[in-house]
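Encoded as C-alpha cells, the structure appears first; notes follow it.
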Amino acid sequence: MNKSNHNSGLYKFENDISTNESPIAHLMKITDIKIFVSCPGRNFVTVKIETDKGIYGLGDATVNGREMSVAAYLEEHIKPCLIGKDAHQIEDIWQYLYKGAYWRRGPITMAAIAGIDMALWDIKGKVANLPVYQLLGGKSRHKIKVYAHANGETVEDTLDHAAQLIQEGFKAIRLQCKIPGLEGTYGTLEGKKNYYELQSNRPLPPEQPWDTHKYLNFIPQLFQKARERFGMDIELVHDVHSRLTPIEAAKLGKALEPYNLLFLEDSVTAENQAGYQLIRQHTTTPLAVGEIFNTIWDAKELIENQWIDYIRVAATHCGGITPMKRIADFAAVYHVRTAPHGAPDLSPICHAAHAHLNSWANNFGVQEYIGFGETALNEVFKHPLSLRDGYVLLADKPGLGVDFDEKAAQKYKYKRSYLPVTRLEDGTLWNW
Ligand code: KDG
Ligand code: MG
C-alpha cells in the first residue's frame, strides 16, 4: 500500500500493511471514562468517554432497579481496560468487552457495553461531523411513527386518556387499564396516569396483585369499547407484561382479533422461545417481544421461525447501537420489524440512539413514546428529539446529538428504587 496516498486527512497509516500491527495508528485515545448515576425524575446511569482530541461521547447504561451494579461494572471492570485504546475501534472494543470478558450476556454486562458503544458512536459522528444515522447508511424516512400510552382506572377513564392523545395527533396508542376487582394494578400507579410504572420512592419494591382469569375476561371489553368509540383507523397496542402462559396468550390473541391490534406485547416470557410458536399457531394478532432481551441470541429462534412480528430490543439493554443494527438486519430477512422499547427508564441518550436507528432501518415499525416532560430531566439532558403530529423528528446534529449537564446532574442524587413485584391473591409470586 502506498503510504503517500493515506497521509492526508484523518486516517494516518503509520505501518506497512505487511506487518502484524494495525495499519491504522491510534487516532483518538480514550483518556477517561466517567460514570454518572443521577436521578432527574428517575435514576439514570450515564457514561461519558473523553479523548485526547477533546471530543467526548455519551452513552446510556441504565438498568431500572439495578443501576449501581452497572456503574460498578463500568468503573471497576471496563474503564481500566479502555484507557489508551483508540475510540474509533467500535467493533473491536465491542467484541473485546463481549467475547473478552468470558462471562457473556446478562443485563448488567450488556448495559455496560451499551453505554460504551453508544458513546463511541457519538464520538465517531462528532469526528465525521455527521449524525449517527448517516454512519449507519443514511435515512429511510424523515419522521418516526410512535405509539403513546393511555392508562386509566376504568375503561372510560382509559379511553378518555386515549381520546386526548388522538386529539394531540398520535396515530397509535397502547391501552392499559386497571382490572376490575384487582386493587392498585396495571392502569395507574400512585396517581401517575401518563406512566403507570414510575419508579416508586419507596426503598423496597411495592407489591401488586394479579389474577389471570379476571384479566382475560376484561381486556377484550376494553378493546371492543375502544373500537366502538374510535373506529378502526387508530392503531392499538396492548402490553401483557409476560403474565400469561402460551395457551392463555393464544386465547387472548384470538379474542382480540376483531379489534385489529398493531401488536400484542410480551404476552409470555421468552426464555423458552418456542412458547411463541404455540401462540402463533392459534392467532393472527401480531406479536411483539424483546424489551428485556440482551443479545441477538435471545431473539434468534423467534425471528428465524417468524413467530413474532416486532422485535422490541432497546439499545441500552442489548449492548448498544452495534448489535441493534445487526438485529434489525437479521430481522429484516424474516419480515420482522423493529419497535424499540421506549420507556422512561431509558435515558434521552438511548432515545436518541433509537431515533438514529429508526431513521436508518428500512424495517422499522413503530417507536414506543412517553415523552420528556420532567423539568429536571430536561435540565440534565438536552436532546435532539421533538414530537409533531404523532411522529418524532430528529434534529440534524453531529453524533447522537445529546448533551449532558454534569453539574445539574449532581443536584439530583441517586435514590434506591424498584419496579413493583406481582403476586397472585394467594401469595404466589408472579411475573411483573
Ligand atoms: O423497567 C421496566 C419498564 O421499562 C417496563 O415495565 C416498561 O413494559 C414496559 C414498556 O413496554 O414500556
Ligand atoms: Mg413492555
Side-chain angles (χ1 to χ4, degrees), residues 39 41-45 60-70 107-108 110-111 114 146-151 165 170 172-177 185-190 192-200 205-208 210 215 219 235-244 249 252 261-270 276 286-294 298-299 302 308-318 338-351 354 365-372 374 377 415-422 430-432:
C39 187
R42 61 187 304 146
N43 293 323
F44 293 118
V45 181
D60 177 32
T62 308
V63 177
N64 194 353
R66 298 292 184 272
E67 298 85 356
M68 299 313 265
S69 313
V70 199
I108 306 304
M110 298 314 289
V146 299
Y147 68 89
H149 287 199
N151 310 305
L165 294 167
F170 287 100
I173 297 173
R174 187 184 94 161
L175 301 180
Q176 306 293 130
C177 187
T185 185
Y186 219 55
T188 52
L189 182 66
E190 293 171 353
K192 305 269 187 191
K193 282 205 184 172
N194 58 344
Y195 195 65
Y196 76 101
E197 292 155 359
L198 275 179
Q199 281 178 317
S200 140
E207 298 204 356
Q208 297 181 334
W210 182 252
Y215 170 76
I219 288 299
E235 294 190 286
L236 298 176
V237 167
H238 178 66
D239 187 351
V240 181
H241 242 274
S242 309
R243 294 184 193 175
L244 300 177
L252 178 63
L261 268 61
L262 179 64
F263 59 70
L264 185 63
E265 178 190 334
D266 284 0
S267 47
V268 297
T269 54
Y276 279 81
L287 303 172
V289 65
E291 66 181 47
I292 66 165
F293 290 180
N294 308 136
D298 295 328
L302 292 169
I308 59 168
D309 302 277
Y310 292 88
I311 178 73
R312 289 188 23 83
V313 285
T316 299
H317 299 134
C318 78
T338 62
H341 187 208
D345 56 2
L346 300 160
S347 94
I349 303 169
C350 176
H351 289 277
H354 288 175
V366 69
Q367 171 67 57
E368 181 181 23
Y369 178 88
I370 315 293
F372 306 97
E374 301 258 351
L377 184 79
K415 289 188 206 154
R416 179 154 51 90
S417 190
Y418 294 94
L419 286 161
V421 164
T422 296
W430 206 245
N431 303 323
W432 185 78

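Note that ligands are numbered from 1 as they come in the structure, with each ligand's atoms numbered from 1 the same way. What's counted below: heavy atoms across the whole structure, side chains too, no hydrogens, waters or symmetry copies.
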I'd like to check which ligand 1 atoms, numbered from 1 as shown, lie under 4.0 Å from a non-hydrogen atom of [X].
X    : value
W432 : 6 (O)
D345 : 1 (O), 2 (C), 3 (C), 4 (O)
A343 : 4 (O), 7 (C), 12 (O)
E368 : 10 (C), 11 (O), 12 (O)
D239 : 8 (O), 9 (C), 10 (C), 11 (O)

At under 4.0 Å between heavy atoms, which part of [X] makes contact with ligand 1: side chain, backbone, both or neither?
X    : result
Q176 : neither
Y369 : neither
L419 : side chain

Less than 4.5 Å apart, any side-chain heavy atom of [X] and any of [Y]?
X    : Y    : answer
S417 : N43  : yes
H149 : D239 : no
L302 : F293 : yes
T316 : H341 : no
R416 : M68  : no
P107 : R66  : no
R243 : W210 : yes

Using distance alone, decide if ligand 1 has a nitrogen or oxygen within less than 3.5 Å of any nitrogen or oxygen in E291. yes

Does the N or O separation between H241 and ligand 1 drop below 3.5 Å for any pair? yes

Name the orientation class of the two ring planes belonging to Y147 and F263 (parallel below 30°, tilted from 30 to 60°, perpendicular beyond 60°). perpendicular

With respect to the Mg ion (ligand 2), what is the nearest N, O or S atom of [X]?
X    : result
D239 : OD2
E265 : OE2
E291 : OE1

Distance (rounded to the nearest 0.5 Å) between I292 CD1 and D266 CG: 7.0 Å

